[in-house]
There are 2 protein chains.
Amino acid sequence: MAETAQAETKWVYSFGGGGSDGDASLKNLLGGKGANLAEMATLGLPVPPGFTLSTEVCTAYYDLGQAYPAGLRDQVDAALDALEGKTGKVFGDAENPLLVSVRSGARASMPGMMDTVLNLGLSDTTVAGLAAKAGDRFAYDSYRRFIQMYSNVVMGLSHDTFEYILDDHKERQGLDLDTQMTAGDWKDIVSQYKAAVLKELGMPFPDDAREQLWGAISAVFGSWMNDRAILYRKLNDIPQAWGTAVNVQSMVFGNMGESSATGVAFTRDPSTGDPAFYGEFLTNAQGEDVVAGIRTPAPISRQRADELKSDEAPLEEVMPAVYKELVEVANTLEAHYRDMQDIEFTVEDNRLYMLQTRTGKRTAAAALKIAVDMKEDGLITEEEAVLRLEPRQLDQLLHPMISDSAVRDVIVTGLPASPGAAVGEVVFSSDEAARLAEAGRAVILVRIETSPEDIHGMHAAKAIVTARGGMTSHAAVVARGMGRPCVCGAGSLQINYAEGEVRVGGRVVKKGDVITVDGAAGQVLAGSVEMRQPDLSGDFGKLMSWADKVRRLRVRANAETPDDVKVARDFGAEGIGLCRTEHMFFDSTRIPVVRSMILAGTQAGRVDALNKLLPMQRADFLEIFRIMADRPCTIRLLDPPLHEFMPHSENEIEDVAAASGIDPADVRASIDALHESNPMLGHRGCRLGITYPEIYEMQARAIFEAAVAFAKETGQKPEPEVMIPLVATRQEFDILKTVVDRAAAAVFEETGTQLDYLVGTMIELPRAALRAGDIAETAEFFSFGTNDLTQTTLGISRDDAGRFLSAYEAQGIYEKDPFVTIDQDGVGELVRLATERGRAARADIKLGICGEHGGDPASIQFCESIGLNYVSCSPYRVPIARLAAAHAALSHRD
Amino acid sequence: MAETAQAETKWVYSFGGGGSDGDASLKNLLGGKGANLAEMATLGLPVPPGFTLSTEVCTAYYDLGQAYPAGLRDQVDAALDALEGKTGKVFGDAENPLLVSVRSGARASMPGMMDTVLNLGLSDTTVAGLAAKAGDRFAYDSYRRFIQMYSNVVMGLSHDTFEYILDDHKERQGLDLDTQMTAGDWKDIVSQYKAAVLKELGMPFPDDAREQLWGAISAVFGSWMNDRAILYRKLNDIPQAWGTAVNVQSMVFGNMGESSATGVAFTRDPSTGDPAFYGEFLTNAQGEDVVAGIRTPAPISRQRADELKSDEAPLEEVMPAVYKELVEVANTLEAHYRDMQDIEFTVEDNRLYMLQTRTGKRTAAAALKIAVDMKEDGLITEEEAVLRLEPRQLDQLLHPMISDSAVRDVIVTGLPASPGAAVGEVVFSSDEAARLAEAGRAVILVRIETSPEDIHGMHAAKAIVTARGGMTSHAAVVARGMGRPCVCGAGSLQINYAEGEVRVGGRVVKKGDVITVDGAAGQVLAGSVEMRQPDLSGDFGKLMSWADKVRRLRVRANAETPDDVKVARDFGAEGIGLCRTEHMFFDSTRIPVVRSMILAGTQAGRVDALNKLLPMQRADFLEIFRIMADRPCTIRLLDPPLHEFMPHSENEIEDVAAASGIDPADVRASIDALHESNPMLGHRGCRLGITYPEIYEMQARAIFEAAVAFAKETGQKPEPEVMIPLVATRQEFDILKTVVDRAAAAVFEETGTQLDYLVGTMIELPRAALRAGDIAETAEFFSFGTNDLTQTTLGISRDDAGRFLSAYEAQGIYEKDPFVTIDQDGVGELVRLATERGRAARADIKLGICGEHGGDPASIQFCESIGLNYVSCSPYRVPIARLAAAHAALSHRD
């Protein structure tokens, strides 16, 4: 039965040469590349014909323990037959051989991560047919490239083996450059390569085209699970289960002389979003040469060449007819797809072929401009425009740039490959970048060029600088995707990895020296340069206003310092969701008073110290009320264990002892007495309020005194929200609500001013979530503290998770870091349950989230799905949360 | 409406004098004392008439903010009228005054915890009426006693005030003893006492009988919430909401000369359970004199007097007729209540009055013997016999006793007040006992006598010794209730609190000296004396076999050392529920190997060390299989964080460095690197298995090799249960199950022996409970690790909870310590949910519990209610768990 069912599955889809089995709507099945090739062929664009093995083959391949499903081989044979018919060539034929490329093509683009084989079908037999068409030298050069690529990608043989043979041959023949090699030289190299394969691997290089094809297909599927692919998916939230398709396409050659070329282009500028056709090309080259950044390509248009002050002639002038056709194709594609396209093309002997189109990756700035422009041109709707900007991309727009007034000591200028600016110390290896970043240091990764092996270092670095490669080089594409500032192709950098230094224009920059990278200007600057805040009006303001129209979730900020509260308000926060009062305790003028309270040992002594803190806290809260004006503020009473306020070094202990008039030994004894085995689960949160109610009493009084002062000052009626942390039982909440209510009543009585206020709690323990029904009988709001709720539900200390969480992610135990994106199956169930139970007990209970998850788009989707009232996040993430809330509302509406 | 409804409530119930409003079935409403007084009166026994204010009055009193419900005063007036009618006396009357006692009476007996007032109704007016009946001296002595008691209990005045006046008077008059005081002396004392009340409190002593009555009633209700009462309830699991009743009863006088007496008796020996009438009495005394232990009372029967070698004449000889009547009453009561009774009586001028009967407290040994005897006499059923023994009482039977062969250096012999034996260092104050016990020291509390203020010290002590007081003194009753060995009334002890020493027979025992207490023999022995295991056959065996017949839950033990496993088996454990493999790692011959594994730094190095551990672990497991034979064993793979195995002192670090050939600085660095902020939530449990699969691989191999060796040795087929700890996700479990399965397959292949086995997990994280459905798809059993589940669900570190958990219990936030009795509302919901989800995914999944709660009777009730398969507890608690499981099954059947 299973056999029969599988035999009926369509695994292989042909495209081009007059018709396609699939189209762009089948992206999940055919991968992005395969679906778009089919779509382009259907649009009548010049696509070399081929066929696609669907992503379901990949899934089946892994489900079956790396074996192919029944029926696949027959379908591939049939597709090959059809392809021979369309091209008039024969696979493996000596006279008119069909040559193909084999490429991966996943649902989401994964640049540089998957393996590709070109010129497949060449052998000692078929090379003659290619030679007859394109000459011996070209044919044998292609053949040796194929052997090298195939042996590496499919058979796992190192490039070094082949480079050694080639270098050795050149040396023996007295040759310097590949261009000096004759057909005979390449022929000789081919046989040496094949001998090397036999020697190194103990098996001959496959001469049979079909054997080659199946080897390449297996290599593509195999590469889905290589480390680079797994890491890329992790960084980009791509599920492993999606799988990749394999595209087998008849070869066209961009390297058959000066009338041939290859290039990539964007229908708009992917860096700025400007509506100018934008791209790069190389004559007499294959596509991989552009992407790999081995030669720096030329600009595609005259305008761009002028902008870059390039000496190279643009495609517009080198091949004017081809350029004109390409511009028409680009316009067709953008209008068809209603979005900016990233296209790959090859020119074989003055004939244009389209090898790929896909929605182009872009910087946040470009995404914003393109979305707003297309909306204003009527190409897309307001809501589509909102959806065109990924919320987490916004990060790039919100961080500081180089200040206009800054003095720039330019070390070198390269290509402005990814915008934004960053300061850090120079490192030359990705491992070191990762190591230092782990230790909390800001680093700039400086490399000759980058490769997929550098992904972890690029992720760890604040910015990336390379000496080689263009705007579409690996470094540029990946840095833009990650939102890292990047300067590419700064060719005058002489990087010496061994010495740990880089020489440029007579100066030496050493490992550890601080530099500043301005990705928008393509500049590398000496030292730490002054930054400025980004511009948040214009297109940004428009798009955010469209987003605000559609979102349902309110967005608040976690902030307590006046600076942070101001930033939050300016970023559009609609309230404070979490004001952590303890942050105010760490102020250098206050910490001595806090310590004297802790050291007091009696309630009377504590009350004395608290009386000194009261006016300070009152002033803090008044300032916050003034900045936020009529927006609601949730203020959390003291949360951390008291030992966090105590000194650790001997010097500090002596100082504290002297200041408090206490023997240092007694201070040390107090600190020892406060020590906890597991402070995260210790004497903190409302447990402090239960044991030292005078602390909460003081804080509540400060809140209400500040609220009354603000009310008298402005005539407004602030409605403070007082939050009791770490509640596990209704009893704790009730006892402490009484303390707060008593303080409120006293202040209202003393001042003759009555204000409304709410008392609520953080739901941050599993028990609180389970007992939410009880607690909501007296609590007027819940704020989900998903940081601690994640720690307790998963039993993972965030501080200690580093030792195993990377192994966990590598083994797919948690799909995403549960401290970044809410673990919906575990923590999420508790949040959902608390929401239901809380609402059942109190229909109008106010519900929000104030953990780190409050600024994470995927978690915001979850918050929308359970109907929370608001999310609260760090000030810089407020716009991200606003946009994510809009996306969530739109996706929820569907 | 509320007023009307309340007015209809019956708050007051009369008893005695020909009829009773209530009976024994109304214990919840009338308290134990009140209900039984009503019942005795109905049985026709001689009960002085009176009335009871119900426990609902107490509840209403606190609900109304310490005020009385409407209608109560009228009902009390009516009951007083009726009482006057029955006694022919008039309350507050000068000629024939009605005097009453006012006593508390809660649902559960709370000896010594609640306050009592006697002789209420005496005043300058009414004292004349009493004098006319019993003489001036008696009347004024009673009056001054009443003033003293009432002023203290109701008005809060210290005893010292009165003692100072009395001492001063005696000194001035040259008197030594109370008996030398004349009526005139007492009259003088009365007026001095009343003057002192006016001076100290600024208000006169109340002369009005009704005012006195309401003062006393309020004092009884008030005492329900005093600290001693709260502590007693906490120690005895009595809910606060039950409240107390108040009994107002007409006075009879045991202190009206040599024809009067007062006493307490048990229908069987409460210490051994022997079916002999057993009691103590004092002539010319009031009841409180017996209980307070101020005079050492005489035995009630000749037989008992002989046993105790007492010189005092027993009641049997002093008042033969009264004795005969008392024995008849005792027999009536035991037959009526079908249980051993604890009775209080007073003889007024040769007339017997019954003041109380209640089910008698007894030692575990007595409970066992009485239950078995009554069952064998046909008085109760087998199941009733099972229910007669409180599971946690069993503890007293299971702990070591003094070895028969031990040499006894007897310091002193007193009364054998509570059985069992213990060794510890002498302390003389309860505060110090509590402090040292907290620090982990074993202490023996030695006091002249104890009072309710000593409860915390008695709880902290391993045993209690007093110089004064009989078998029913405070010390004796409380010690028996707590299961502490106790020697009472060791009158030759000369205790000097100030010097911190006790002199006896020429020797001096100082604070800190080690002594041994043999509570069964009533002996205090010098030094630490050898113990023997208790006898678990005979009655114990019978009762346990009856318990085993009715219980459904299986009982396993948490054990891993051969000694513990043997004890567990001998106590009836039906398997091992938790074998903690890490305990084996701490052995002094192994810890160096374990450390070298941790320090290895490479997988190869770890594997080397693990290969050395393998034969040791295999031998451990083989030994366990041999002891447990065909009973199932659950073996948990390594759980604690690795730093627990590392040394902490500099000396040890040097040793480890030398042994491993590593620089001490490197060892220190390794230890630092292993440090965790919150080890409870750190790199432990299955997280070790995920990061170092070689460790679990070795342990699994050791388990299967041992199982195969055992199978070959015996021909049996052991079925090991391998448990993966700290799982939060199905993925973790699956990855590690693969490791276990691979080890099993390898061992079975190598040995040619195939065995069945189970792989399961501990459910000890909230997420695991929530995802139990997923996990049960591959896990074959769950064992609820409720220690860690409590820590994570409540967010409380057990190690750090001491700082606030006592404040929490005092404020009623957690009714019981959640680490002792499972928090059903929070942790319990997760366990219930995991049970349901686990069973839904795998109908026959084996479910057990292995946290401390597995040996707690209340938690076992919960386990029964959700239908777990087994509980697992420490070896010494196995019999408790078996009995508790039987109770649970019986209560569940109802």
Side-chain angles (χ1 to χ4, degrees), chain A residues 641 673-685 687-688 690-691 726 728-732 734-735 764-771 774 788-808 811-815 818 823 825-830 833, chain B residues 641 673-685 687-688 690-691 726 728-732 734-735 764-771 774 788-808 811-815 818 823 825-830 833:
Chain A
L674 288 170
H675 172 81
E676 295 186 307
S677 305
N678 296 288
M680 153 70 205
L681 306 175
H683 192 183
R684 50 169 289 234
R687 296 161 196 173
L688 295 171
I690 295 285
T691 46
L726 210 72
T729 71
R730 152 98 183 257
Q731 289 88 331
E732 290 168 311
D734 288 354
I735 289 169
E764 51 189 330
L765 295 175
R767 194 184 196 281
L770 294 165
R771 305 310 305 169
D774 302 344
D788 281 2
L789 192 59
T790 299
Q791 296 198 82
T792 46
T793 305
L794 274 55
I796 296 180
S797 161
R798 211 173 161 180
D799 297 330
D800 304 314
R803 285 192 189 81
F804 56 88
L805 218 50
S806 52
Y808 265 54
Q811 297 188 50
I813 293 172
Y814 288 108
E815 262 208 67
D823 159 41
D825 290 344
V827 177
E829 178 170 0
L830 287 177
L833 198 138
Chain B
L674 288 170
H675 172 81
E676 294 186 310
S677 302
N678 295 290
M680 154 69 205
L681 306 174
H683 192 183
R684 49 170 288 233
R687 298 162 193 171
L688 294 170
I690 296 285
T691 46
L726 211 71
T729 71
R730 154 97 183 259
Q731 290 88 332
E732 290 168 310
D734 287 354
I735 289 169
E764 51 187 330
L765 295 175
R767 195 184 196 282
L770 294 166
R771 306 310 305 169
D774 302 345
D788 281 2
L789 192 59
T790 299
Q791 296 198 81
T792 47
T793 304
L794 275 53
I796 296 179
S797 161
R798 212 174 159 177
D799 296 331
D800 303 314
R803 282 191 192 80
F804 55 89
L805 218 50
S806 53
Y808 265 54
Q811 298 188 49
I813 293 172
Y814 287 108
E815 263 208 67
D823 159 41
D825 290 343
V827 177
E829 177 170 359
L830 287 176
L833 198 141

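Chain A is the first sequence line, chain B the second, and so forth, proteins listed ahead of strands; every chain is numbered from 1. Atom set for the values below is all heavy atoms of this structure, side chains included, hydrogens, waters and symmetry mates excluded.
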When you compare the side chain of A:L681 with that of B:R798, does any pair of heavy atoms fall below 4.5 Å? no
Is there side-chain contact between B:E829 and A:R771, with at least one heavy-atom pair below 4.5 Å? yes
If you count heavy-atom pairs under 4.5 Å with chain B, which of [options] comes out on top?
| options | answer |
| --- | --- |
| A:A768, A:G826, A:S677, A:P679 | A:S677 |
| A:L765, A:T729, A:I796, A:D734 | A:I796 |
| A:Q731, A:R687, A:E676, A:H683 | A:R687 |
| A:L830, A:D823, A:L833, A:D774 | A:D823 |

Which atoms form the tightest heavy-atom contact between B:D800 and A:G682, and what is the distance? CB-CA, 4.3 Å
For B:T792 and A:G795, work out which heavy atoms get closest and say how close. CG2-CA, 4.3 Å
If we define contacts as heavy-atom pairs under 4.5 Å, which of B:G685, B:A807, B:P766 has the most with chain A? B:P766
Of the listed residues (B:L688, B:L794, B:D825), which shares the most heavy-atom pairs with chain A below a 4.5 Å separation? B:D825
Taking atom types as modelled and ignoring hydrogens, do the side chains of A:E732 and B:Y808 form a donor-acceptor contact shorter than 3.5 angstrom? yes
Using a 3.5 Å distance criterion without hydrogens, assess whether the side chain of A:N678 forms a donor-acceptor pair with backbone atoms of B:S797. no
Structural part of B:I735 lying under 4.5 Å from a heavy atom of chain A: side chain
Against chain A, label B:A769 side chain, backbone, both or neither, depending on which of its atoms sit under 4.5 Å from a heavy atom there. neither
